[in-house]
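Accompanying notes for the structure given below.
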Number of protein chains: 2
Amino acid sequence: MSGRAVTIAEVARHAGVAVSTVSYVLSGKRTISADTRRRVLDSINALGYHPHAGARSLASKRSNVIALVLPLRAGMHVPVLMRFATAVVTAARRFDHDVLLLTADEGPEGIRRVAASALVDALVLMDVELHDPRVPLLRELAEPSVLIGFPAEPAGLTCVDLDFAAAGARCVAHLAERGHRQVALLGAPAVVYERGTGFARRTREGFTAALAVHGLEGVALPCEETFDEVHATVAGLLTSRPALSGLVVHNEAAVNHVLGSLRQLGRRVPQDVAVVAICPDDVAERAGPPLTSVLIPAEEVGREAVRLVMRKLQGLEVPDSTLLPPHLAVRAST
Amino acid sequence: MSGRAVTIAEVARHAGVAVSTVSYVLSGKRTISADTRRRVLDSINALGYHPHAGARSLASKRSNVIALVLPLRAGMHVPVLMRFATAVVTAARRFDHDVLLLTADEGPEGIRRVAASALVDALVLMDVELHDPRVPLLRELAEPSVLIGFPAEPAGLTCVDLDFAAAGARCVAHLAERGHRQVALLGAPAVVYERGTGFARRTREGFTAALAVHGLEGVALPCEETFDEVHATVAGLLTSRPALSGLVVHNEAAVNHVLGSLRQLGRRVPQDVAVVAICPDDVAERAGPPLTSVLIPAEEVGREAVRLVMRKLQGLEVPDSTLLPPHLAVRAST
DNA sequence: TGCGACTGTCGAAGCGCTTCGACGACCGGC
DNA sequence: GCCGGTCGTCGAAGCGCTTCGACAGTCGCA
């Protein structure tokens with residue numbers, strides 16, 4: 001194997017047809033008789049032909065690669081991002097596309113580079129901030145793009161995300177159903193709110209709005225991620241609000257610390273304090289006790305982002321905004 | 001911006017030189033006078049020229065892209081993988097290469113596809129198993145590759161990893177220094193050992209060998225990742241070995257559960273039980289108490305893997321095996 | 001002064017593919 | 001039996017780049 005690569009010309013010779021015929025068999029852009037198609041496909045298999053990606057992209061002006069831009073910043077929950085990433089790769093393959101991985105440290109310039117050099121046909125951006133420096137760049141790019149998350153000014157962009165406001169509200173509703181009257185939200189670290197990251201704020205807004213709807217008392221606090229800080233926050237909260245009996249945790253790294261802290265304070269879950277988390281299912285399942293949770297449907301979001309970007313690539317219309325509904329899984333913690 | 005893309009011919013015209021001259025300015029493969037170089041570079045900037053990646057790869061037989069193959073399987077610690085991934089991307093950019101992300105679900109065939117289609121020049125594979133189905137394929141590929149991790153039969157391959165045996169030994173040595181006589185290793189879930197994943201076994205071997213060296217008593221156990229299972233394991237261990245006073249935890253997902261379990265059992269860390277973890281620094285720092293740990297130097301490993309694969313691409317010799325030494329950071333848990 | 005050895009630049013030939021226009025062969029309708 | 005229309009296939013013209021050989025100048029040295 002792997003001497004010089006097989007070219008389309010060799011396939012054509014082997015099958016006794018013209019190069020263009022092979023190309024049309026592969027692309028399906030012109031009708032080819034069943035008989036010829038067979039011969040060509042047989043030759044392709046016999047020779048182990050794989051089209052040269054560069055040649056193809058040069059001739060067709062399509063690279064069949066999409067960029068996945070994933071900044072990695074403080075306070076982000078890496079496992080969730082990884083799930084997005086693999087979901088995007090899997091979905092992209094279904095559309096016969098590959099995925100180029102871009103990180104933040106090259107800055108927006110990296111996006112321009114891969115777009116301008118025709119390395120990629122389209123872009124999917126993750127972890128979008130309210131005032132994201134990449135967003136203005138996207139507007140002037142010819143390549144279509146989809147954002148996972150929402151910037152402050154999403155007009156003219158295509159955005160997908162879990163409906164975090166609904167997720168926050170769903171958690172409150174669940175606690176209300178269970179009869180809790182005083183609840184709290186432990187969210188992302190303060191720095192994430194300050195940066196204006198959309199999902200953190202939207203969860204908080206949904207949470208707060210739902211308190212009014214259900215007539216609950218509640219408070220939303222940022223939450224750091226070391227055990228000691230979490231413990232201090234939880235202890236302070238329970239002291240200042242003795243009647244508090246429901247907790248919503250929207251911080252994957254802190255979830256287990258919260259449970260450890262409650263244990264240490266002698267509060268039983270769910271008898272003394274009920275806990276609902278917004279986090280991936282596996283984290284919720286592994287916790288002690290397993291947590292009632294709203295999962296972040298990473299696979300679904302990633303798949304949807306790819307679907308949308310592919311539609312744009314075909315020139316089809318897509319909605320500006322796609323919000324995926326939250327799903328609550330009830331487990332032992334409420 | 002972004003009408004039709006600027007081509008090298010337009011740059012050449014703008015600068016008043018031949019197309020080939022522009023190419024040589026960019027590649028540095030022939031001497032060009034300082035004066036001409038200036039004019040060409042100015043034109044490139046003025047026009048915002050970016051070479052067409054496909055054209056370049058077609059003509060030069062180099063795509064300047066490397067594949068990062070990262071299967072995502074049960075029991076793997078996603079955050080660590082993500083660090084590898086970003087380290088690889090960052091390092092690759094320093095060599096003017098981009099990174100194509102491949103996951104497992106296309107199987108080994110995906111590797112063959114991207115190699116045969118000249119989409120990538122080289123491959124970096126992560127999370128290698130002892131009997132990895134991708135390994136035989138690599139041997140017959142023309143493209144150079146580097147593995148992060150070791151298969152059972154690494155002859156003729158290039159492998160990089162943290163020296164997990166040394167890491168396991170280092171933890172034992174540390175506990176011995178602190179005067180502990182009876183210790184235990186809580187490792188990966190059983191399934192990971194059964195699959196023969198190298199790093200899990202090597203840590204255990206290093207641990208076991210070091211017991212003898214330091215004259216300690218000890219046992220190595222697999223460790224599941226739900227709180228309840230961890231708790232059962234820890235409780236069982238402390239019951240069956242009352243004199244046990246040192247714990248090595250090589251399981252990122254279980255680390256916080258172990259601490260929670262000890263808390264619940266009324267054992268203080270480090271007074272009653274000392275704990276050393278093999279995990280990323282941020283997990284160790286956030287734990288309660290912050291953990292003495294051997295970090296998995298993901299950035300370093302990723303960087304080294306890229307450096308090696310680039311050397312191979314240049315036809316240079318590289319060592320078959322690169323083991324990065326462990327670094328122990330002492331914190332509050334020992 | 002002449003001659004080889006560089007230097008710096010150019011022109012042209014591909015790289016492997018897609019796509020466009022062309023063109024026989026064959027069809028049905030008159 | 002002839003004509004317009006498909007259908008299936010072919011040949012050739014690029015796509016934008018790298019690289020090779022060629023070739024004017026220049027320079028140093030005999």
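All heavy atoms count here, side chains included; hydrogens, waters and symmetry mates do not. Every chain is numbered from 1 and lettered A, B, ... according to where its sequence line falls, protein lines coming before strand lines.
Contacts of Val17(B) with the nucleic acid, taken as non-hydrogen atoms under 4.0 Å apart, involve only primed sugar atoms and P, OP1 or OP2.
Under a 3.5 Å cut-off, the side chain of Ser27(A) and the backbone N or O of Ser23(A) do form a donor-acceptor pair. With Asp163(A) contributing its side chain and Pro325(A) its backbone, the two residues share no donor-acceptor pair below 3.5 Å. Of the possible donor and acceptor atoms, one in the side chain of Asp132(B) sits under 3.5 Å from a partner among the backbone N and O of Glu129(B).
Atom P of nucleotide dC15(C) and atom CG of Leu119(B) are separated by 20 Å, given to the nearest angstrom. Taking atom CD1 on Ile8(A) and atom P on dT19(C), their separation rounds to 11 Å, with Å as the unit. Between the CZ atom of Arg13(B) and the C1' atom of dC10(C) there is a distance of 16 Å, given to the nearest Å. For the pair Arg37(B) CZ and dT9(C) C1', the computed distance is 13 Å after rounding to whole Å. The nearest whole Å value for the distance from the CG atom in Asn64(A) to the P atom in dT18(C) is 10 Å.
Near DNA chain C, meaning a heavy atom under 4.0 Å from it, residues 46-61 of chain B has Leu58(B), Ala59(B), Lys61(B) in order of number. Residues of residues 20-32 of chain A having a heavy atom closer than 4.0 Å to DNA chain C, listed by number: Ser20(A), Ser23(A), Tyr24(A), Lys29(A), Arg30(A).
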>> Is there a side chain to side chain contact (heavy atoms under 4.5 Å, CB included) between Ile8(A) and His52(A)? Walk through the geometry before answering.
In response: CA-CA 9 Å; Ile8(A) 196 174; His52(A) 186 290; over 6 Å; no
> How far apart are the C-alpha atoms of Thr36(A) and Ser33(A), what are their side-chain angles, what is the distance that settles it, and do they pass the side chain to side chain donor-acceptor pair (under 3.5 Å) test?
Replying inline: CA-CA 5 Å; Thr36(A) 305; Ser33(A) 67; 2.8 Å; yes
> Do Val69(B) and Ile111(B) pass the side chain to side chain contact (heavy atoms under 4.5 Å, CB included) test, and can you show the C-alpha distance, the side-chain angles, and the key distance before you say yes or no?
Replying inline: CA-CA 8 Å; Val69(B) 188; Ile111(B) 295 179; 4.1 Å; yes
>> Test side chain to side chain contact (heavy atoms under 4.5 Å, CB included) on Val135(B) and Leu157(B); report intermediate values, then the result.
In response: CA-CA 9 Å; Val135(B) 165; Leu157(B) 301 170; 3.6 Å; yes
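Side chains of Ser117(B) and His50(A): no donor on one and acceptor on the other come within 3.5 Å.
Checked against Leu147(A) for a side-chain contact (heavy atoms from CB on, under 4.5 Å), the options Leu308(A), Val124(A), Leu125(A), Asp161(A) give a single hit: Leu125(A).
The number of heavy atoms from other shown groups lying within 6.0 Å of CZ (Arg139(B)) is above 12.
Of the listed nucleotides (dG11(D), dG8(D), dT9(C)), dT9(C) has the atom at the smallest distance from the side chain of Ser33(B).
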> If you write DNA chain C from 5' to 3' in dot-bracket form, with Watson-Crick or G-U pairs under 3.5 Å, [ ] for crossing pairs and | for pairs with another strand, what do you get?
Replying inline: ||||||||||||||||||||||||||||||
